[in-house]
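Comments concern the structure below.
Note that the coordinates shown come from a computational prediction; the quantities given were computed from them, not determined experimentally. A, B, ... follow the sequence lines: proteins, then strands. Residue 1 opens every chain.
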Amino acid sequence: MDKQMELLQGTLDMLILKAVSLGPLHGYGVLLRIQQISKDRLEIQQGSLYPALYRLEHQGWITSEWGESENKRKAKYYRLTAAGKRKLQTEAEKWNRMADVIAGILRSTPEEV
Amino acid sequence: MKLWSRIRSWMRAVARRGRMEGEMDAELRFHIEAFAEDLVRGGVPREEALRRARIAFGGIERAKEECREARGVNFVESLLQDLRYGLRMLGKNPGFTAVVLLTLGLGIGANTAVFGLANAIFFNPLPTVQEPKRLMVVHEGLPDGSCCGVPPKSFQALRRDTPLFAQTAAYIWTEATFPGDPLPERFEAAKVSREFFSMLGARFVLGRNFLPEEFQPGRSVTILSYGFWQNHFAEDRNVIGRMLRLEDREITIVGVAASDFDFPTGAQLWMPLALSAQDWNQVSPGELHTLGMLESGLDEKRARPKAAALAAALERDYPPGRQKLELKLHPFREQINGNLTPVFTMTLMGAAGFLLLIACTNVANLLLARGLARKREITLRTALGARPTRVVRQLLTETALVAVLGALLGLALARIGLALLASGMPAETARQIAGWSQLGLDKASLVFGTLVTLLVAVLCGVIPAIQTASPKLIECLKGAGATSSSVPSSLKLRSVFVCAQVSLALILLTGAGLMIKGFANMLGDARSFNPKTLLTVHVDLRGSRYEDSQRRRAFLNEAVERLEAMPGVVSASVFTTPPLSNNETIWREFVINGRPTLPHERHAVVQTVSANFFRTMGLTVLEGRGFAKSDRESSMPVTIVSEKLARLYWPGESPIGQHLKLGLPNSDEPWLTVVGVVSDVEYDWTDNAPEKVIYVSYRQFPPVSSHLAARAVGDPHNLAAGIRHELASLDPVLAASDVRTLERLLFGSLGGLFETGGLMTVLGMIGLCVAVVGVYGVMAYVVGQRTRELGIRMVLGASRRAVLMHVLGRGVWLTLVGLCVGLVGANVLTRLVSSFFFGVEPTDAMTFLTVTLLLAFSAFVACYIPARRAMKVDPMVALRYE
């Protein structure tokens, strides 16, 4: 297994939004989904996951309701709202632009400067 | 909606706190167990799996706390916590709480009540009008500054399409006399133009507005006021269509106005203003009162040039030779209750504002003091990790709590105050004041009170909170802060507050003192007439029966004789204008024989009286003679002039034997011979000086409208019914229902003075008390803080006297500084508002001196009590005080 990378500041919210955009998930499911998509390359502090979920819900990007988990237990499921969808889109665009710019800078050679 | 989801989340957080906590627990437990199950599936024993899952999760309590914070629970949570804590703190210091709440309650209450008063009678006296700012009273101005009603012809022109007014309306005061049982009764009524009710937004509880065709002469319909309907028809809903008998004709009731419509103020019923085509073409100023609703977007200032242009255009319609026309616009709400209402309400609001400032300073001071006492507690919190913003927030929450409690007390006080004010006004005067009936705590006053409370919370809270929340950690923990060493910066601040309080109180008291002294002077003038024992009745001899002046003379002669024959009456007299009545004066131009006269050059009040009027009112004949029985219709027309007029036009010489004539030089009025000079008396008190007066005899010039007065021995009220009967036997149709003492009559015009003077006294006294409590509070605190120091001084040999002087000196010094600043401020302010004072100079030395001494003495007492306590400090006890 590759060494896990620590999450960049402020990116957890975006990842959670992305994770629940693929379908309703409970908190543990969000964790698994992110790890699964990232192929376990990202290290997520489990303790910071829930405050982030609560914050996103408080801001209206996601909503929650109680449902039944795969093994027949009560679990709280999170779902993306319409506002959250828009938010995810803009955040993703912002991120991509930023990544391009940074990558461009890092690729630059002495001749280009 | 983002904001909405947040609020919902907060509300859920507060309302269902327990449930949310449970859910949070369940959610986290699910996470850990699910994680552990996955591990178990991978072959880890269950116990070990749970342990690993917990480790991987990290601090559960911290996560929970972060969740609560993320959801905004913490904000609400800590707010509730602060409130609970604040309430506990208030309960623990009942003395402090009582003083603070009372101070705030008085400040907020006084402001709310005064605003309620101002709102009822000034800002919004006629609540039915949609945009009172655009409503103007239109006058036709004369070049000398006086003005009169708009001529009907001009009103017709205004009514047509003009760029100035969206709508115009006119009315005329009139009276309706009903042949009552047993005596006729007279009611104030108004004839109104067809736009009147719609423009002023009147609604009808019954019936309808006048129809256009009812504005033709000869149609007899009326709309009743709500009060008239209530008092005379007991709210009978079948009143529409009934006939009312007036003295000379019958009229049909077509409507009843809603209770919130009372204009012109005091009118009991309305009739259509039905003028003939000829009357509408009149160009002489008449009794027509004109109102105009400005076009939307226009205000008084921008309308002025348009009014001038309109006047110029109107002038072309007039016959040549008529004087230049000028249209004057006055805001309706400044006119409706007399032009002094704005001045009075502004003064009261200003005074209340000062009171609020004093109260706020006082509370801020008390909070600072308490902040110092709590220094240790705050320091401890800070040391344990509370952020300064968190501490400030807690202190501000406490202040807000105090402000809200103070506001509740204040609103209760305001309510009581307004109720007292409303019940203190005699009904006949209250009826004349527009908006008086709506006096009370309405929505606008409540909003105002809330705003004032917010302001108070900020004013009193911020400085003490910041001051208190930034302690010097180490020093305070060492225990110094809470006891002996004074904290210099805070004490300096408190000293400034004390000075400010004293100076604010001085300014407030000076203003109040000047107003009250002026009013007292005015009322002193009124007292010289002995108004309590003089019964007056208004006699209106308008109409066809008295068109012949001979009949008016006969009636008045007979009436005076009959009144004088009544037992209990010393003398009876006739006059057209009661002294100090303010609005009944009749101004006329006059010319002096043998002197060139410019138009509008000389004006004087014309007063028609009987021979004994001067004696009745306590005026003295200074030169020549008074009127005599020999001055009759057939004898030479004579006049007696007031001292002021004589001095002005015949300086250094005697006016006796000179001739003057009322009206313009070419008028056909008779020449009057001056036979006497009489001492001055004020008729119109708002201009602050006695008027020039020309007196003529009622026997030579019988007036249409006058007052009959009877000087009574004993209780005048027993005479009232007798006077009515005498007059009724003389003329059964004439209504003389309003027999009252001159005192009551004057109250109608001076009532505003009583009210304003009384309120100023109350505000001034509250201000004084609050300021004195403030000074006392600081001095007591200083003594308390310095107990140990004073003890040391005594141990080292300071005499008790020296300690007393030392402490007293500080208080006296602060008071002196405050008094000096206050004197300068009062001097500047009273000059600025000198027009607010009647019958007194704004620099009146007596008032300044009295107020300064009063305040100095009170402040001295406030310093002396703590200083005495300091003197009695037992050195041993003081040293053990730590």
(request) Might you point out which heavy atoms bring B/Glu398 and B/Tyr85 nearest each other, and give the distance in Å? (result) OE2-CD2, 3.7 Å
(message) Looking only at heavy atoms and a cut-off of under 4.5 Å, which of B/Ala34, B/Gly58, B/Ala63 has the most pairs with chain A?
(response) B/Ala34
(message) Taking side chain as everything from C-beta outward and backbone as N, CA, C, O, which of these in A/Ser69 sits under 4.5 Å from a heavy atom of chain B? Side chain, backbone, both or neither.
(response) side chain
(request) Select one option (side chain, backbone, both, neither) describing which atoms of B/Glu23 are under 4.5 Å from chain A's heavy atoms. (result) both
(message) With a 6.0 Å cut-off (strictly less than), is the heavy-atom count around CH2 of A/Trp95, excluding the residue itself, greater than 12?
(response) no
(request) Could you tell me which portion of A/Leu56 (side chain, backbone, both or neither) has an atom closer than 4.5 angstrom to a non-hydrogen atom of chain B? (result) neither
(message) Against the six-membered ring of A/Tyr50, is A/Lys76 placed for a cation-pi contact (under 6.0 Å from the centre, within 45° of the normal)?
(response) no
(request) Using a cut-off of under 4.5 Å on heavy-atom pairs, state which of A/Ala75, A/Ala52, A/Gly29 scores highest against chain B. (result) A/Ala75
(message) Could you measure the distance from the CZ atom of B/Phe30 to the CD atom of B/Glu37? Nearest 0.5 Å is fine.
(response) 8.0 Å
(request) On the 0 to 90° scale, with breaks at 30° and 60°, tag the A/Tyr77-A/His26 ring pair as parallel, tilted or perpendicular. (result) perpendicular
